[in-house]
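Okay, structure first, notes after.
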2 protein chains.
Amino acid sequence: MKPTLQAVADAVGVSRSTVSNAYSRPDQLSAALRERILGAARQLGYPGPNPTARSLRRGFVGSIGVLFTSQLSYAFTDPFAVRFLAGVGEAAERHGTSMLLVPLSRAEPDARRAVENAAVDGFCVYCVADEEWALDVIRARGLPFVSTAARDDAGPDEPFVGIDERAAARSVATHVAGLGHRRVALLADSVLTDAPAGPLTLSGVDRVPHPTTHGRLAGFADAFAEVGVGWAELTLLNAQGNSRQAGAAAVAGLFDGPTPPTAVLAGSDVLALGVLDALAERPAGDRPPVSVTGFDDIPEAAAAGLTTVRQPAEEKGRIAAKLLLDPPADAAAGHVLLPTALVVRDSTGPVPRS
Amino acid sequence: MKPTLQAVADAVGVSRSTVSNAYSRPDQLSAALRERILGAARQLGYPGPNPTARSLRRGFVGSIGVLFTSQLSYAFTDPFAVRFLAGVGEAAERHGTSMLLVPLSRAEPDARRAVENAAVDGFCVYCVADEEWALDVIRARGLPFVSTAARDDAGPDEPFVGIDERAAARSVATHVAGLGHRRVALLADSVLTDAPAGPLTLSGVDRVPHPTTHGRLAGFADAFAEVGVGWAELTLLNAQGNSRQAGAAAVAGLFDGPTPPTAVLAGSDVLALGVLDALAERPAGDRPPVSVTGFDDIPEAAAAGLTTVRQPAEEKGRIAAKLLLDPPADAAAGHVLLPTALVVRDSTGPVPRS
DNA sequence: GATCCAGTCTGTATCGATACAGAGACTAGC
DNA sequence: GCTAGTCTCTGTATCGATACAGACTGGATC
């Protein structure tokens with residue numbers, strides 16, 4: 001069938017090793033013989049060393065995996081994720097490495113197999129929630145990884161690139177609190193696993209399992225605690241998924257009660273845009289002046305005039321990949337905290353006096 | 001170091017084969033023994049069969065490659081490409097397959113190696129221009145592939161999913177011609193390899209090497225030929241890359257001559273949006289009423305009111321992946337032509353009377 | 001009691017390459 | 001003329017698994 005390296009060796013009358021060298025270590029044989037070998041290979045239609053066999057023998061693959069919590073298709077729907085991927089891709093490309101996108105479907109056994117079977121040299125773990133098992137699999141495989149979501153049990157020497165979620169969230173919440181808002185709703189994706197969309201009661205923010213969500217909600221709460229608004233007085237809203245639709249669905253009916261919130265702080269821009277969508281759908285006369293904030297500063301946020309927190313998306317990906325591809329000798333250098341910035345736009349304003 | 005399958009076998013006191021079966025063919029051994037083996041494996045920290053070794057022996061990898069003409073990072077910059085990828089990802093995910101994004105950097109030797117070394121079972125070839133060598137490598141490797149750009153030498157039995165570029169382009173151009181436009185510029189990415197940005201003279205549309213670009217430009221030309229405007233009377237503009245910036249740069253100075261075009265037909269939405277950007281940047285008094293059209297109908301096109309041709313992006317990716325993952329028995333079914341639709345919005349209007 | 005069979009498990013060959021030690025040939029140097 | 005040192009090339013062991021044919025066991029069948 002397909003010719004192997006052996007076939008080429010036989011055709012030229014040299015050993016397998018020499019043909020291998022012709023491809024992988026040109027300095028190990030004379031230029032003339034090398035030409036003769038490559039010529040014969042071309043003639044036989046030999047496509048070069050089989051990547052799988054080569055990987056097995058060499059011990060590395062030449063590609064890195066990117067792990068997503070949610071479906072693969074989701075990765076391309078969230079603009080922040082896309083920009084992160086672009087960053088990873090850029091660094092990988094510069095390094096001559098491919099990237100394998102590993103879907104983590106809902107069914108754990110399947111997802112587990114996907115991580116176990118991924119032919120990669122390491123993983124960029126984008127936003128793994130309580131899927132601690134995935135990290136266990138990666139560790140068991142002995143593969144390096146870089147995570148982008150702070151986790152409670154993450155050692156300081158575990159490669160990480162991300163932001164101080166709590167402080168960043170606090171900054172935008174402080175802005176909102178400073179505008180006078182006291183009746184406030186916090187909106188996030190998957191506050192609890194499998195919770196329904198809409199209001200949710202939780203004894204404390206520490207009950208939130210997902211570390212990123214926890215950090216952001218805690219930051220929001222910090223700022224309001226400072227102006228005397230306790231956790232129990234805040235309305236907590238759950239969204240089922242990270243999308244505009246989910247954001248809109250989560251605030252359904254929220255503004256129809258007697259004392260509706262005057263501000264909604266969302267854990268991501270897409271959710272916040274969903275809230276704006278929901279507001280825009282109401283008849284013009286019945287549109288409460290709600291302040292809305294997001295998180296990430298995706299391109300659409302600027303167009304929508306959304307107040308948000310900017311975090312460097314491409315750079316996050318770029319650095320994550322770089323940490324993976326050539327790890328710094330100094331372990332501390334493997335822990336990168338990126339800067340964030342509060343971006344104030346039109347979607348927030350002083351609390352109405354009524 | 002890392003335990004191998006052999007180590008587990010030794011620990012339990014069974015043969016390698018049996019351990020292998022415990023993972024891959026549970027029906028081949030008793031449930032009790034299987035539990036014992038998996039238990040021992042857990043205890044030893046054995047992460048399951050090595051994916052590379054397994055791939056080598058089994059003869060397939062469990063992932064498909066996606067090939068881009070341009071940089072990997074570009075793939076994430078073009079919304080159409082992102083949606084295509086989302087479609088591929090969705091189908092791959094459903095099939096339990098990962099997707100490998102293969103960068104095709106500028107330097108051909110590197111790019112070639114990337115294709116040769118990609119550990120995949122097949123390729124989705126997205127938009128390969130004159131990089132015929134890539135297809136040669138894929139064929140030499142004996143891997144199946146699906147292409148999305150019509151190529152001249154494509155046999156009818158070569159798996160393909162795409163649109164009738166020429167007819168689709170013609171439809172939008174007919175619309176513009178119907179509005180009375182006769183002084184028209186055609187704008188496309190990489191009309192010729194390495195051409196500078198801006199006006200370009202070409203003896204005929206058949207000189208355009210990139211098949212997609214050729215198809216679209218030819219379609220544009222068809223429509224104008226029908227109303228008596230020949231190829232030589234059309235202004236041809238080259239863009240260096242497929243981005244808003246490239247689109248804006250390509251029309252620099254275009255509207256400052258004595259008889260500027262009244263319409264610009266672009267080969268993609270991003271280029272068209274770039275043209276709109278360039279127009280918006282001019283002082284309000286000096287803004288010629290130019291009709292602009294795009295191609296693809298990306299989400300941003302709707303927001304910008306851009307007249308364009310819609311082609312189903314996700315579906316293109318989904319079908320491409322499906323053709324690759326379970327090829328139809330009937331070769332003719334491997335040639336899919338997707339529908340397109342002219343979408344008229346505000347960016348086109350009747351030619352000004354002045 | 002011989003035959004057959006299903007259910008389990010083992011052994012050997014194999015997938016397609018690379019690493020590494022070492023064998024010959026050939027030039028240099030003294 | 002003999003020892004070193006370079007260049008080339010070869011041979012064998014190995015990477016870590018799976019496929020497949022066959023061996024063994026214990027019961028059902030006639």
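Quick note on labels: first sequence line is chain A, next is B, and so on, each numbered from 1. The figures here come from the full heavy-atom set of this structure, side chains too, leaving out hydrogens, waters and symmetry mates.
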(message) Let's see if you get this right: which residues in residues 38-61 of chain B place a heavy atom under 4.0 Å from DNA chain C?
(response)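 DNA chain C contact set from residues 38-61 of chain B: Leu56(B), Arg57(B).
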(request) Name all stems that contain residues of DNA chain C, defined as runs of 3 or more consecutive Watson-Crick or G-U wobble pairs, both distances under 3.5 Å. (result)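 In DNA chain C, stems of three or more pairs: C:1-30 with D:1-30.
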State which residues pass side chain to side chain contact (heavy atoms under 4.5 Å, CB included) with [X]; sequence neighbours excluded, sorted by chain then number.
| X | answer |
| --- | --- |
| Leu100(B) | Ser63(A), Ser98(A), Leu100(A), Val102(B), Ala118(B), Val120(B) |
| Thr52(B) | Thr52(A), Ser55(A), Leu56(A), Val61(A), Asn50(B) |
| Pro144(A) | Leu324(A) |

Contacts under 3.5 angstrom, residues 37-46 of chain A side chains, donor-acceptor by atom type, not counting sequence neighbours:
residue  : atom : partner  : partner atom : Å
Tyr46(A) : OH   : Gly48(A) : O            : 3.4

Quickly work out the [X] [atom1] to [N] [atom2] distance and round it to whole Å.
| X | N | atom1 | atom2 | result |
| --- | --- | --- | --- | --- |
| Arg141(B) | dG16(C) | CZ | P | 13 Å |
| Arg25(B) | dA21(D) | CZ | P | 11 Å |
| Gln6(B) | dC15(D) | CD | P | 11 Å |

Protein-nucleic acid N or O pairs under 3.5 Å, nucleotides 8-11 of chain D:
residue : atom : partner  : partner atom : Å
dC9(D)  : OP2  : Ser30(A) : N            : 2.9
dC9(D)  : OP2  : Ser30(A) : OG           : 3.4
dT10(D) : OP2  : Ser15(A) : N            : 3.0
dT10(D) : OP2  : Ser15(A) : OG           : 3.2
dT10(D) : OP2  : Thr18(A) : OG1          : 2.5
dG11(D) : N7   : Ser17(A) : OG           : 3.3
dG11(D) : O6   : Ser17(A) : OG           : 2.6

Looking at residues at least two apart in the chain, or sitting in another chain, which of them share a salt bridge (Lys or Arg N to Asp or Glu O under 4.0 Å) with [X]?
| X | value |
| --- | --- |
| Arg112(B) | Glu108(B), Glu116(B) |
| Arg36(B) | none |
| Arg94(A) | Glu90(A) |
| Arg83(A) | Glu314(A) |

Let me check something: any side-chain donor-acceptor pairs from residues 19-31 of chain A under 3.5 Å, sequence neighbours excluded? List them with distances.
residue  : atom : partner  : partner atom : Å
Asn21(A) : ND2  : Ser17(A) : O            : 3.4
Ser24(A) : OG   : Arg54(A) : NH2          : 3.4
Ser30(A) : OG   : Leu33(A) : N            : 3.3

(request) Report yes if at least one side-chain N or O of Ser24(A) is closer than 4.0 Å to OP1 or OP2 of dT18(C); otherwise report no. (result)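 So the side-chain polar atoms of Ser24(A) do come within 4.0 Å of the phosphate oxygens OP1 or OP2 of dT18(C), strictly under.
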(request) With Thr97(A) as reference, evaluate His95(A), Glu93(A), Met99(A) under the side-chain contact (heavy atoms from CB on, under 4.5 Å) test and give the passing residue. (result)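 Per the side-chain contact (heavy atoms from CB on, under 4.5 Å) rule, the option paired with Thr97(A) is His95(A), out of His95(A), Glu93(A), Met99(A).
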